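To keep things clear, I will list the structure first and then write my remarks on it.
For the single chain, residues carry numbers from 1 onward in sequence order. Because the structure is predicted, anything quoted here is derived from the model rather than measured.
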Amino acid sequence: MPEWLQAGGWGLLAGSALLLGAAGGWYARVPRWIIASIMAFGAGVLLSAVSFELIAGAHERGGILPTALGAAGGAVAYTLANLALARRGARHRKRSGDRQPSEKELPGSGSAIAIGAVLDGVPESVVIGASLLAGNGVSVVTVAAVFLSNVPEGLSSAAGMRRAGRNGRFVFLLWTGIALLSGLSALVGRAALGDAPPAALAAITALAAGAILAMITDTMVPEAFENAHLLVGLITVVGFLGAYALSLR
């Protein structure tokens, strides 16, 4: 099977976790402290992947300068886009409580939330595709990290959408679309970066890492801390160490 097609399949697998989480958040009425705990675990897993897979891999490929510039650029780009979306009602898109505005309260907020979900998911998927470029197959740690973090993201966000009065069709079409886009982004990440020089590949990997790190601290950690409180640090470390142990295999 061509590597670009493999990349699309792995990206789709990781993105499908959003649908799995959304179904749980929509139908199961999961207590908020459990959602927050799962979110903290997912944040820890992603932090580990960013540290040991993305940043470390980028540094090995291209050195410190492309890595640092890429990570800073990714964080800046994500923050600016997130600020623009926040003004349109997407600030609390990953919150499970009553923070998300309804369409009646803020017209256009549903579209902003959808764009925000794309903003959160695309960098992770591009990295999955790019991981195939090392010649050792897909990074299982990266796929596992994205999958495990996508479950609580979908869970929390769908629960918040339900509380905001959005209908099931909007919720499941949104997450189905994002799952498909995840597969496409991973495919494009492999196909478009195949001939990139090491420094450029390092910068792009670090760019995604910076965006993911900004996303974790801006959207996942607040939801986890608000409802899990003093347990959030411990649960995050468990997720971090679990992903680190997986990376050693």
Sorted by chain and residue number, the salt bridge (Lys or Arg N to Asp or Glu O under 4.0 Å) partners of Arg162 (sequence neighbours excluded) come out as none
- Task: On the 0 to 90° scale, with breaks at 30° and 60°, tag the Tyr244-Phe52 ring pair as parallel, tilted or perpendicular.
- Result: tilted
Per side-chain contact (heavy atoms from CB on, under 4.5 Å), Thr67 is matched among Arg61, Glu60, His59 by His59
Strictly distance-based, threshold 3.5 Å: is any side-chain N or O of Asp218 a donor or acceptor partner for the main-chain N or O of Thr79?
no
Between Ala202 and Ala58, the two heavy atoms sitting closest are CB-O, 3.2 Å
Apply side-chain contact (heavy atoms from CB on, under 4.5 Å) to Leu13 and Ser16, showing your working. CA-CA 5 Å; Leu13 173 65; Ser16 68; 4.3 Å; yes
Applied to residues 178-206, the ring-ring contact (aromatic ring centres under 6.0 Å, His included) test, sequence neighbours excluded, yields none
Discussion item. Pairing donors with acceptors under 3.5 angstrom, does anything connect the side chains of Asp120 and Tyr78?
Written reply: yes
Residue pair Phe225 / Met220, side-chain heavy-atom distance below 4.5 Å:
no
Quick one: are Val118 and Leu181 in side-chain contact, heavy atoms under 4.5 Å? yes
Could you tell me whether the side chain of Arg88 reaches within less than 4.5 Å of the side chain of Ile113, counting heavy atoms only? no
Please check if the number of heavy atoms outside Trp10 that lie under 6.0 Å from its CH2 is greater than 12. no
Scanning both residues in full, the closest heavy-atom pair of Ala49 with Ala145 reads CB-CB, 3.6 Å
Q) Would you find a donor on one side and an acceptor on the other, under 3.5 Å apart, between the side chain of Ser48 and the backbone of Gly44? A) no
Sorted by chain and residue number, the salt bridge (Lys or Arg N to Asp or Glu O under 4.0 Å) partners of Glu124 (sequence neighbours excluded) come out as none
Worked check of side-chain contact (heavy atoms from CB on, under 4.5 Å) between Phe240 and Ser51: CA-CA 10 Å; Phe240 183 92; Ser51 302; 4.3 Å; yes
Which of Val126, Val127, Leu180, Ile128 passes side-chain contact (heavy atoms from CB on, under 4.5 Å) with Ser185? Answer is Val126
key: Backbone of Val146 reached by a side-chain donor or acceptor of Ser149 within 3.5 Å   = yes
Please test Phe41 against Thr236 for side-chain contact (heavy atoms from CB on, under 4.5 Å), starting from the C-alpha separation and ending with a verdict. CA-CA 5 Å; Phe41 183 84; Thr236 301; over 6 Å; no
* Tell me whether Leu54 is reachable from Met215 by hopping between hydrophobic residues (I, L, V, M, F, W, Y) whose side-chain heavy atoms are closer than 4.5 Å. => yes
key: Minimum side-chain heavy-atom gap Glu226-Met39 below 4.5 Å   = no
- 4.5 Å side-chain heavy-atom contact, Val171 and Asn167: no
